[in-house]
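Excluded from the calculations below are hydrogen atoms, water molecules and symmetry mates; all remaining heavy atoms, backbone and side chain alike, are included. When a ligand or atom number is given, it counts from 1 through the structure's own listing order. Residue indices begin at 1 and follow the sequence shown.
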Amino acid sequence: MESGKELFDVTIIGGGPVGLYGLFYARLRGMKAKIVDALPELGGQLVTLYPEKNIFDVGGIPRIIGRDLAKQLVEQALSLNPTVCLGEKVISFVRHEEAGQSDFELITENGTSHLTKSILLTAGIGAFNPKKLEGRGIENFEGKGVHYFVLEKKEFKGKDVLIIGGGDSAVDWVLNLLDTAANITLIHRRDGFGAHEESVREMMGSRADIRTSYELKMIRGDSRVEEAVIYNNKTLEETTLSVSEIILNLGFHADLGPIKRWGLEIDKGGIVVNARMETNITGIYAAGDVASHPGKLKLIATGFGEAATAINFAKKFVDPASKVYPRHSSDMKSLPTSTAD
Ligand SMILES: Cc1cc2nc3c(=O)[nH]c(=O)nc-3n(C[C@H](O)[C@H](O)[C@H](O)COP(=O)(O)OP(=O)(O)OC[C@H]3O[C@@H](n4cnc5c(N)ncnc54)[C@H](O)[C@@H]3O)c2cc1C
């Protein structure tokens, strides 16, 4: 995690496809650029909502699944060595007006801060919060064996793991932890899975114990998770599993949250921008799903164009001597190699 008092030309809030493309473009234009995302992983909706779904409408790519498009966008963005801060949800900003300069300080939920001359908001439909199960003792065990994200596989090495869910994330984590965990049980409250068929087939043939029509009844343990009581929602038969780690993969809620109270003009849930992707606050730009303008279409392809427009105008804003319109990317002779350029 990176934060601190280093001043960036542009800080991009939101590491979905549009923010990632904006990050690449900002570095291409020689800007000192940083991206901040609330999630532990880059990719936005591509990785959280539809990692296995096909996408057919991105120019130059006949067909690609969400996860692979995210991977290519990350590769492109990181090729120009930007600064990346994950697991940090931006909640507010203050503006420092000193000696004719006007910089922003972004504040995150974790208490870290980021100094920047301009902001590109690519927060999409908002920060994703994992859906939780009410009661059942879960709250008492968050951080003590109950997980909503897998940050490091090694945490599960040699452990007995229970995974709850039937979507892509749940199935992917069963497959991913097969080489790490001692035992894996997956429970899903329905008969069928929402995950990609190929992955479900692979999981069903694996050593994992898969139980459909099963739900969590309660978690037991002293200072950490020790047991999970599960039940069959058709027969009500209960089973006690000896597990030390429980991963809940039940999907996400998305919410723009505090950004709605920044004084930005909002229309139909989106942040109003003009043709330069400028918001009503000088120095703050928006692009992608979060931006609202006449004729808005929430597509990856349109978001890429909006991000390029926003960054070109942000470049002119932070460096008035520069051109807005760079013309050919191949003419950018001194492609930057590090944020210190
Ligand atoms: C099921 C489904 C299928 C789709 N299929 C297609 C398709 O085939 N083709 C197509 O073009 N489009 C498709 N879309 C739409 C497409 O996914 C979106 O247009 C695209 O993801 C928008 O990208 P974005 O970068 O603007 O936002 P997002 O992908 O939503 O990313 C926003 C990021 O911002 C982060 N964030 C939000 N708030 C904060 C904060 N306060 N602090 C830090 N980080 C924050 C979030 O964690 C997230 O990572 C589909 C959407 C869905 C749901």
Is the shortest N/O to N/O distance between Gly14 and ligand 1 below 3.5 Å? no

Hydrogens and angles aside, do Glu105 and Ser113 bring a side-chain donor and acceptor to less than 3.5 Å of each other? yes

What are the atoms of ligand 1, with element, lying closer than 4.0 Å to any heavy atom of Lys298? 19 (O)

Numbered in order shown, the ligand 1 atoms found under 4.0 Å of a heavy atom of Gly16 are 25 (O), 29 (O), 31 (O), 33 (C)

Polar contact flag for Val90 and ligand 1 (N/O pairs, less than 3.5 Å): yes

Give a yes/no verdict on whether any heavy atom in Ile13 is under 4.0 Å from an atom of ligand 1. yes

Under 3.5 Å, N or O to N or O, is Gln45 touching ligand 1 that way? yes

Under the salt bridge (charged side-chain N to carboxylate O under 4.0 Å, His left out) rule, what do Glu41 and Arg67 come out as? Steps first, then yes or no, please. CA-CA 11 Å; Glu41 187 183 5; Arg67 184 189 295 112; over 6 Å; no

Is there a nitrogen or oxygen of Ile300 sitting under 3.5 Å from a nitrogen or oxygen of ligand 1? yes

Look only at interatomic distance and state if Tyr50 has a nitrogen or oxygen under 3.5 Å from any nitrogen or oxygen of ligand 1. yes

What part of Thr108 sits under 4.0 Å from ligand 1 if we count only heavy atoms: the side chain, the backbone, both or neither? neither

Consider only side-chain N and O atoms of Lys159 and Thr180, and report whether a donor and an acceptor are under 3.5 Å apart. no

Please work out whether any backbone atom (N, CA, C, O) or any side-chain heavy atom from C-beta onward of Thr122 is under 4.0 Å from ligand 1, and answer side chain, backbone, both or neither. backbone

Could you please spell out the steps behind the side chain to side chain contact (heavy atoms under 4.5 Å, CB included) verdict for Leu121 and Ile284? CA-CA 7 Å; Leu121 264 172; Ile284 304 187; 4.1 Å; yes

Quick one, Asp191 with Lys234, criterion salt bridge (charged side-chain N to carboxylate O under 4.0 Å, His left out). Give me CA distance, side-chain angles, the key distance, then yes/no. CA-CA 11 Å; Asp191 280 337; Lys234 291 183 177 151; 2.9 Å; yes

Regarding atom 38 (N) of ligand 1: of the candidates Ala301, Ala127, Gly66, which has the closest heavy atom? Ala127

